[in-house]
Amino acid sequence: MGERINENAFSEQSGEYKLARSVMNPFIKRIVCFVTESVQSAFDVELAQCEIEKLIEVPPDYKMGDYALPCFILAKQVKRSPQMIAEKLGVGFEADEYIKNVVTTGPYLNFFVNRGMFIRHVLHCIDSEKDGFGTSDEGEGKCVVVDYSSPNIAKHLAVHHMRSALIGRSIYNLYVALGYKCCGINHLGDWGTQFGKLIVAYKKWGGEETPSDIETLYKLYVRFHKEAEDDPSLEDESREWFKKLENGDDESSELWRLFKDISMKEFDKIYDMLGITFDYYTGESFYNGMLDDTVERLKESGLLELSDNAQVVNLDKYNMPPCLIRKSDDASLYATRDICAAEYRKREFDFDKMVYVVGSEQKLHFKQFKKVLELMGYEWQDECYHVDFGLVKFKDEKMSTRKGKVVLLEDLLNESISRAREIIKEKNPDLDGRDEIADAVGIGAIIFSDLKNKRIKDVNFDWDEILNFDGETGPYVQYTHARLCSIIRKYGKNPDIGADPELLSEDEEFLLVKKLEQYPVAIKRAADVFEPSILVGHLLEICSSLNSYYNQCRIISDDSSLTDSRIVLIDCVRQVIKNGLLMIGMRPPDRM
RNA sequence: GCGCCAGUAGCUCAGCCGGAUAGAGCAUCGGAUUUCUAAUCCGAGGGUCAGGGGUUCGAAUCCCUUCUGGCGUACCA
């Protein structure tokens, strides 16, 4: 029986994590102990266990082994050829219950685990941790602030606000899984000159009726820009109105409140559909009363200087344009408010990390922002991260935001749901609860397509691609989950972890279990680099392994012992897929 | 002009703190269902890892350089 173990996730972990993993994986621990001792006895060279552990990787081919020790690095320290080292170490190996065999292949020493033991170990972990499998307590007592979505009032929620929300929410969940306390903040763009513009537009063209929907507000906004092209005085007028607003003027404050309420109603509708929540909705306006203090601190630090009548922090020394703090009319800017908000959040939450999930086009802003914090003497600026993501591009000219056209998120989501409904009608017309499932699948497809690629990649917004439910997609993962649930339903009993794992002797079964074992590693890696796509990619690998297995082996058969064992495996896969889907904000349907 | 990011199969991407034979999905073509859900699986074709130099026992991966594309570059956010 050939072996088909092929995966590579081990090779890229940080040394720190590898240490933690060894606690979890006794197989690697065993290898590390063996190598450490052997190097000592064979070459009289002493190496730390964590050094050895960093070297352990996974061979690229199933025939080669489960874990490998490349001997190149050792060769330098021991001053022998890597081939010779591998050979000499291999000779001294004795099998035990964890590692059953070792093979020397050129400069590599390849280890084979005791599969039955490995499977037993992993399945027991999953069975005992259940929904908690993949979590840890490494963040206990620490806090992460995540700033996501943060749309501007009076415009429709744009696609990039959805990206920010989905990425941000996933990062939030990842850190919760690692035991951190998280604060999710929607830093609403509810302040700034654009409010002056809106007020001007409303007063001039708003008519008698009080606006009640975001479409009306948006039209006013668009009209303002159109008219301002011919009449630049409108810009001055809007700056004056914003100034009034900032000074607490009644009329403008009332309008501001109205505009904000209308927008929030609209936003909440979309957030509900996507399952996005926040702990705080403290937008820019929230900091209005604190701005003077912030500016005062900047002044005291001697950072402020006057330039063309505006107050700025000069950043020439750092090869950056100056950071504007107050405009020539004394009004604040977004940098002012961001700095103020950061100070507030540090006071309020005493975070260990603060994450801004905002598009790449604002890179310079965050670079300046961090530099100013540093110059103010805040060491914690080191723990502020701009988690940027690529632009959303439109293939289809009809949907371009240019020419005042926008993709309405609500339309996009509804389109996806109705597409899911069509497919259900076609494939499984008698499905119970099909409306709810169409929701989960339709929305899931959107969420998944947004998170599956590295965030830095630009997204080519293409209906056909986003609404394609074949291949590496959200529906694929959900479908896999539903199938597993279906098998367990058919089995009719509760999976019994007492079933014999030794019966799971197929290569596909072992491969699957290895993927499951890597799930907590994927979580950790994804959180470390704020990259949900790492988790998504791992979920796809699990599903792909499972489907391959499913098509090759029957789970429920006449052999009741074997069936019992396979059901335990199936239940564990189901559990892990469920955990992963929830982590990225998707619902795992029991059937579809 | 300057700065940052990206360039891997026809398309979308993974792999990138150097290691064993560059991998997926989509699309195309060919197969699999009396059997636990075919939204699945198996197979085929498809590559100058943008070009050039360098470092190294070894480079898609690190350094330099050129080209292409995107974004940013003080009173918008």
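Each chain gets a letter, A, B and so on, in the order its sequence line appears, and its residues count up from 1.
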> Does N468(A) get its side chain close enough to the base of A39(B), under 3.5 Å, for a donor-acceptor pair?
Replying inline: no

Please set out all donor-acceptor pairs under 3.5 angstrom arising from side-chain atoms of residues 421-434 of chain A, sequence neighbours excluded.
{"unit_1": "N428(A)", "atom_1": "ND2", "unit_2": "M592(A)", "atom_2": "O", "d": "2.8"}
{"unit_1": "R434(A)", "atom_1": "NH1", "unit_2": "L431(A)", "atom_2": "O", "d": "3.1"}

For a quick check of understanding: with a heavy-atom distance under 4.0 Å over all strands, which category does [X] fall into, base, sugar-phosphate or nothing?
{"X": "R326(A)", "answer": "nothing"}
{"X": "L333(A)", "answer": "sugar-phosphate"}
{"X": "Y550(A)", "answer": "base"}
{"X": "N110(A)", "answer": "base"}

Considering Watson-Crick and G-U wobble pairs with both distances under 3.5 Å, what does [N] pair with?
{"N": "G47(B)", "result": "none"}
{"N": "A6(B)", "result": "U68(B)"}
{"N": "U40(B)", "result": "A32(B)"}
{"N": "U61(B)", "result": "none"}
{"N": "G1(B)", "result": "U73(B)"}

>> Determine whether the aromatic ring centres of residues F530(A) and Y385(A) are separated by less than 6.0 angstrom.
In response: yes

>> One character per nucleotide, please: for nucleotides 28-34 of chain B, 5' to 3', B when the base has a protein heavy atom closer than 4.0 Å, S when only the sugar-phosphate does, - otherwise.
In response: -------

>> Output one letter per nucleotide in nucleotides 67-74 of chain B: B when a protein non-hydrogen atom lies under 4.0 Å from the base, S when only the sugar-phosphate is that close, - when neither is.
In response: ---SSSSB

> Which pairs pass salt bridge (charged side-chain N to carboxylate O under 4.0 Å, His left out) with one or both residues in residues 152-167 of chain A, sequence neighbours excluded?
Replying inline: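 Sorted pair list: R163(A)-D450(A).
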
>> I need the full list of salt bridge (charged side-chain N to carboxylate O under 4.0 Å, His left out) pairs touching residues 304-323 of chain A, with sequence neighbours left out, sorted by first then second residue.
In response: none

>> Here's a test of your reading of the structure: between S557(A) and K367(A), which maps to the more 5' nucleotide of RNA chain B?
In response: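 First, find each residue's nearest nucleotide; the 5'-ward one identifies K367(A).
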
> Pick one: which of Y148(A), Y287(A), F286(A) meets side chain to side chain contact (heavy atoms under 4.5 Å, CB included) with H187(A)?
Replying inline: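 Of Y148(A), Y287(A), F286(A), side chain to side chain contact (heavy atoms under 4.5 Å, CB included) with H187(A) is met by Y287(A) alone.
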
>> Quick check on G25(B): is either OP1 or OP2 less than 4.0 Å from any side-chain nitrogen or oxygen of K452(A)?
In response: no

Using atom names, set out every protein N or O paired with an N or O of nucleotides 21-23 of chain B below 3.5 Å, distance rounded to 0.1 Å.
{"unit_1": "U21(B)", "atom_1": "O4", "unit_2": "D61(A)", "atom_2": "OD2", "d": "3.0"}

